[in-house]
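Written out below as C-alpha cells is the structure these notes cover.
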Amino acid sequence: MYSTFVGLETARRALYAQRAAIDITGHNVSNVNTPGYRRQRPVIEATPPAPGALQPGTGVKVAGIERMRDQFVDTQIRHTLASLGRWEARQEILEEIQEVFKEPSDIGISAMMDRFWISWQELSGNATDPGRRTSVQQEAISLASAFNLAAAQLNETKADIDQNIKSLVHRVNTTASSIAELNREIVRGNVVGENVADLLDRRDYLVQQLASDVDVAVVEDNSGLVHVTVGGRILVAGTDARELAEDALITGGRIKGLNEAANMIIPGYLKELDDLANALIEKINEQHMAGYDLFGNSGDVFFEGEGAAGIRLSEEIEGNPGLIAAADQTDSPGNGRNALAMAQLKDGLTMVGGTATFRDFYGSILTGLGLETQESMRSREVYEGVLEQQKARQESVSGVSLDEEMIMLIKYSSAFDAAARLVTAVDEMLDRLINGTGLVGR
Amino acid sequence: MRVTNNVMMERAMRNVNVAFERYVKRQEQLASGCSINRLSDDPHGAAKAVRLRSTLKGLEQYKTNADIADTKLRAYDGVLDKVGSIMNRLRDLVGRAASDTVTPTERDGIAVEVRELFEEVVNAGNEMHNGEHMFAGHKVGQAPFKVERDADGRVTGVLYHGDSGKDAIEIGPGIVISGSLAGDEVFMADGANVFDAMIDIERHLRENDVESLSEEDLGRVDAVVDNILKHRAEIGGKGKRLELVMDRLESDSISIEGLLSKTEDIDFAEAIMRLCEQEIVYYAALSAASKSVQAGLLQFLR
C-alpha cells in the first residue's frame with residue numbers, strides 16, 4: 001500500500017511543472033524581439049512510481065530547459081555573413097569611387113578633356129587672339145585640377161578605409177574578450193548546474209557578429225567552451241582572448257572587403273588615372289616643345305608634375321599665355337598649326353601601346369569601374385538572399401512564434417487548472433476520510 | 001517549415017524595402033530624364049555615352065571651324081572681287097590710253113586715276129579681318145605690302161613683308177583646309193604682279209609710251225585678272241566643299257544625338273508606365289505587410 005497523501009504530492013508536482021512551463025513560455029514571449037534569442041522549451045518528464053507492485057506514477061517534473069538550436073545552420077550563417085560583409089564593403093567603396101569619377105556628367109574628367117581639346121582647336125583658328133590663349137590656359141588648369149581632385153578624393157577614401165579597418169579590428173578584439181568572458185561564465189554555470197541558455201544565446205550572437213567583420217572558424221568543445229580562430233590564428237582560446245593577429249590570413253568579412261578596397265581597388269584606379277595623366281603630360285609636352293610661342297621661341301613643357309595627383313599647368317604658362325606654342329615655325333604669330341596638332345592628339349592612338357586614344361582609355365576605366373560595382377552589387381544581393389533563407393531556417397528552429405506560445409500558454413494553464421482541481425479532489429477525499437468517517441453509531 | 005512572426009515581419013520589411021527602392025529608382029530616372037545616373041546602372045552604356053558626348057562636342061567644334069573658314073573665305077572673296085573691279089577699270093583705262101586718238105594730256109589724266117587705283121589695290125592687300133592682316137601669311141601683326149618711293153615721292157616698287165603661311169582649319173577628323181590666301185601668291189605671282197604692272201602702266205602713261213601700253217600692258221592686266229579669277233575659283237571650290245562638309249557634320253551630329261539619346265535618355269511614356277507599375281507593387285507590398293503583421297492568434301483570444 002502507498003501513502004494516502006501521495007495524491008497531494010503528485011498534484012503539487014503537477015502545479016509546479018505547469019507553472020514552470022508557463023514561466024518558460026513567458027520568457028519566450030518576452031524575448032520575441034531579442035536579437036540572438038533562441039526559443040526555450042521545458043523538458044517535461046513523468047516521475048517514476050515508488051518501488052513495488054502496482055504502484056501508480058508519482059507525477060511530473062521539469063527535467064530541464066531545452067534550447068532550440070541548429071548548429072549546422074549557425075555555421076552556414078557565419079560563412080554567409082562573412083561573404084556578405086566582404087561584398088557590402090566592396091560595394092560601398094566602389095560606389096564612393098563612382099562618385100569620385102562623377103561620370104557620366106558635364107563636370108567629370110571626360111568633359112574637361114573635351115573642353116581642353118576644343119580650346120586648342122579654337123586657338124588653331126586664331127593663334128594671336130589673347131582670349132583664345134587664355135581659354136587654353138584656363139581649360140588646362142581645369143583639366144589638371146579635375147585629375148588632382150580625383151586623386152585626392154581617392155587617397156582620402158583610402159585613408160578613411162584604413163581608419164575604418166582600425167576601428168573594426170578594435171571591435172573584433174572587444175568582442176573576442178566578451179566571448180572569452182562568456183566562456184568563463186558558462187563553464188562556471190555548468191559546473192554549479194545553473195541555467196546558462198541565455199548566456200549561450202549571447203555568446204552565439206557575439207560569434208555571429210564577429211563573422212560579419214572577419215571570417216571565423218568556431219569549434220565547441222565538450223566542456224562547453226568555444227574556440228575561435230581567424231585565418232589560422234587563435235582569437236579566442238576558451239577563457240583566453242587574444243588580439244586579432246597581424247599576419248592572420250583573413251579571407252572574408254567586412255575587414256577583408258575593406259582591405260581589398262584599400263590595397264587593390266583604390267590603388268588600381270589611382271594607377272589608371274596616373275597612367276592617363278602621365279601619357280597626357282608626355283604627349284602634350286612632346287608636341288608643345290615642337291612648336292613656337294607668340295614670341296618666336298620654341299615651346300617649353302606645358303604640363304608639369306607627375307601622375308594624377310601632381311599634374312599641373314607649367315607656372316610660366318600660367319603667368320603668360322603668350323608662351324603657349326601654337327605655331328609650327330618661328331616668328332609667325334598667326335600660325336596655329338601646332339595648336340591644331342595639339343588638338344589632334346585627341347584622336348591620336350597614344351595609349352596602350354598605340355592602340356587607344358586618351359578617351360578610349362578613360363572609357364575603359366569607366367566601364368571597368370561600372371562592371372566591378374555591378375559585380376559587387378549582384379554578389380551582395382545573392383548573399384543577402386542566401387542569408388535570408390538561412391535565417392528563415394534558423395528561425396524555423398530557434399524563433400519564437402507568438403501563436404505557438406499562446407497555444408502553449410493555454411495548454412499549460414489548462415493543465416495547471418486541472419492540477420488545482422486534483423488538489424481539491426484529494427482534499428475532499430481526505431475531508432471525507434478525516435471528518436466524515438468514524439461516526440458510526442454516534 | 002515552421003514560420004515565426006519574426007520571419008514574417010522580416011520578409012514583409014524586406015519586400016517593402018525592395019519595392020520602395022525600385023520605386024525610388026524609377027522616380028530618379030524620370031526626374032533626371034536619364035536612364036544612366038551612375039556607371040553601375042549600365043557600365044557599357046555609360047562609357048558609350050561618354051564617348052558619344054565627346055564625339056558630339058568634337059562635331060560641334062568642326063561645325064564652328066567650318067563656319068570660321070567660310071567667313072574667312074568670304075572675306076577674301078570680297079577683297080578679290082574689289083581688286084577684280086579695279087582691274088576691269090584699269091583695263092578700260094589702258095585700252096583707251098592705247099588708242100591714237102587720246103592726247104598726251106588726257107594720258108596724264110589717266111595716269112592720275114591709275115595712281116589712285118594703285119593706292120586702292122595696296123589698301124586691298126593690307127585689308128584686315130578680325131584684327132589680322134589677311135594677306136600677311138602668319139605675320140598677321142603688320143601690314144604685308146609696303147610701297148617704296150623715291151625722293152620725288154614716286155612709287156618705285158612694292159615689298160612684301162608677310163610670309164606665304166596659310167592657316168590650317170580642321171573641319172572633320174583629319175580633314176584640314178586652309179581658310180587663307182598668301183598675299184604674294186595673289187598680288188605678286190610670277191607674270192601677274194599687279195603692283196609692278198600698275199607702276200609700269202603709270203610710267204608708260206606719263207611717258208606717252210603708246211606702244212608698250214597697247215602691246216604689253218593690256219596683256220599684263222589680263223594676266224593679273226586671270227590670276228585673281230583663279231584664286232576666286234579656288235575659294236568658290238572650297239566654299240562648295242565647306243557646304244558639303246557642314247551638311248554632313250549636321251547630319252552626323254543629328255544621328256549621334258539620336259544614338260546618345262537612345263543610350264542614356266529614357267522613353268518618357270515607358271518610364272511613367274514603369275513608375276506607375278512600381279508604385280502599384282510598392283502599395284501592394286505595404287498592404288500585404290500591414291495585413292500579415294496584424295494577423296495572429298492573439299486577435300482571436302478573449
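This structure is a prediction, so every number in the text was calculated from the model and none was measured. Naming: A, B, ... by sequence-line order, numbering from 1 per chain. What's counted below: heavy atoms across the whole structure, side chains too, no hydrogens, waters or symmetry copies.
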Check your understanding: Considering all heavy atoms of both residues, which atom of B:Val50 and which atom of A:Glu103 are nearest to each other, and what is their separation?
Key -> CG2-OE1, 3.9 Å
Review point. Just checking heavy atoms, which of residues 355-371 of chain A are less than 4.5 Å from chain B?
Key: A:Arg359, A:Gly363, A:Leu366, A:Thr367, A:Leu369, A:Gly370, A:Leu371
Review point. Checking heavy atoms, do the side chain of A:Glu95, its backbone, both or neither come under 4.5 Å from chain B?
Key: neither
Practice item. Measure distances from B:Ile36 to the heavy atoms of chain A and classify the residue's part below 4.5 Å as side chain, backbone, both or neither. Key: both
Check your understanding: What residue in A:Asp347, A:Thr128, A:Ile410 has the most heavy-atom pairs under 4.5 Å with chain B?
Key -> A:Thr128
Check your understanding: In terms of heavy-atom proximity below 4.5 Å to chain A, should B:Asn65 be classed as side chain, backbone, both, or neither?
Key -> side chain
Exercise for review: Could you check which of B:Ala47, B:Gly165, B:Ala69, B:Ser40 has the highest count of heavy-atom pairs closer than 4.5 Å to chain A?
Suggested key: B:Ser40
Point to revise | Enclosure of B:Tyr23 OH (heavy-atom neighbours >12, cutoff 6.0 Å) | key: yes
**Study point:** Which portion of B:Thr55 sits near chain A, non-hydrogen atoms under 4.5 angstrom
**Key:** both
Exercise for review: Evaluate whether atom CD of A:Gln389 has more than 12 neighbouring non-hydrogen atoms of other residues, nucleotides or ligands under 6.0 angstrom away.
Suggested key: no
Point to revise | When B:Gly137, B:Gly45, B:Ala168 are compared by non-hydrogen pairs under 4.5 Å with chain A, the top option | key: B:Ala168
Exercise for review: Let me see the working for B:Glu132 and A:Asn126 under side-chain contact (heavy atoms from CB on, under 4.5 Å), right down to the final yes or no.
Suggested key: CA-CA 9 Å; B:Glu132 293 186 342; A:Asn126 201 338; 2.8 Å; yes
Review point. Quick one: what part of B:Asn6 sits under 4.5 Å from any heavy atom of chain A, side chain, backbone, both or neither?
Key: both
Practice item. Please say whether more than 12 non-hydrogen atoms of neighbouring residues, nucleotides or ligands are located less than 6.0 Å from NE2 in B:His44. Key: no
Practice item. Please look at A:Asp403 and chain B and tell me whether the side chain, the backbone, both or neither of the residue comes under 4.5 angstrom of a heavy atom of that chain. Key: both
Point to revise | Residues B:Glu170 and A:Ser124: side-chain donor-acceptor under 3.5 angstrom | key: no
Review point. Do the non-hydrogen side-chain atoms of A:Ser396 and B:Thr4 ever get within less than 4.5 Å of each other?
Key: no
Practice item. Taking all non-hydrogen atoms of both residues into account, name the closest pair between A:Lys346 and B:Gly58 and its distance. Key: NZ-CA, 3.5 Å
Point to revise | Carboxylate-amine/guanidinium contact A:Asp106 B:Arg53, below 4.0 Å | key: yes
Point to revise | Side chain / backbone / both / neither for A:Lys102 at chain B, heavy atoms under 4.5 Å | key: neither
Practice item. Kindly indicate whether the side chain of A:Glu384, heavy atoms from C-beta on, has any atom under 4.5 Å from the side chain of B:Arg14. Key: yes
Point to revise | Where B:Asp41 and A:Gln374 come nearest, the two heavy atoms and their spacing | key: O-NE2, 4.0 Å
Point to revise | chain B contact via A:Met377 - which portion, at a heavy-atom distance below 4.5 Å | key: side chain
Point to revise | More than 12 heavy atoms of other groups within 6.0 Å of B:Arg2 CZ | key: yes
Exercise for review: Give, as side chain, backbone, both or neither, the part of A:Ala339 having an atom under 4.5 angstrom from any heavy atom of chain B.
Suggested key: neither
Practice item. Nearest 0.5 Å please: distance from the CE atom of B:Met9 over to the CD atom of A:Glu395. Key: 11.0 Å
Check your understanding: Looking at A:Arg337, A:Gln329, A:Gln121, which one has more heavy-atom pairs under 4.5 Å with chain B than the rest?
Key -> A:Gln121
**Study point:** B:Gln27 atom CD: more than 12 heavy-atom contacts under 6.0 Å
**Key:** yes
Check your understanding: What part of A:Glu388 lies closer than 4.5 angstrom to a heavy atom of chain B: side chain, backbone, both or neither?
Key -> side chain
**Study point:** Qualifying residues under side-chain hydrogen bond (donor to acceptor under 3.5 Å, both in side chains), relative to A:Glu99, sequence neighbours excluded
**Key:** none
Point to revise | A:Arg67, CZ: over 12 other non-hydrogen atoms inside 6.0 angstrom | key: yes
Review point. Which bit of A:Ser105 comes within less than 4.5 Å of chain B, counting heavy atoms only: side chain, backbone, both or neither?
Key: backbone
Point to revise | Residue among A:Ile118, A:Asp129, A:Val32, A:Thr373 with most heavy-atom pairs under 4.5 Å to chain B | key: A:Ile118
**Study point:** Residue part contacting chain B, namely of A:Glu404, when any heavy atom lies under 4.5 Å
**Key:** side chain
Review point. What part of B:Lys72 is in contact with chain A, defined as an atom under 4.5 angstrom from a non-hydrogen atom: side chain, backbone, both or neither?
Key: side chain
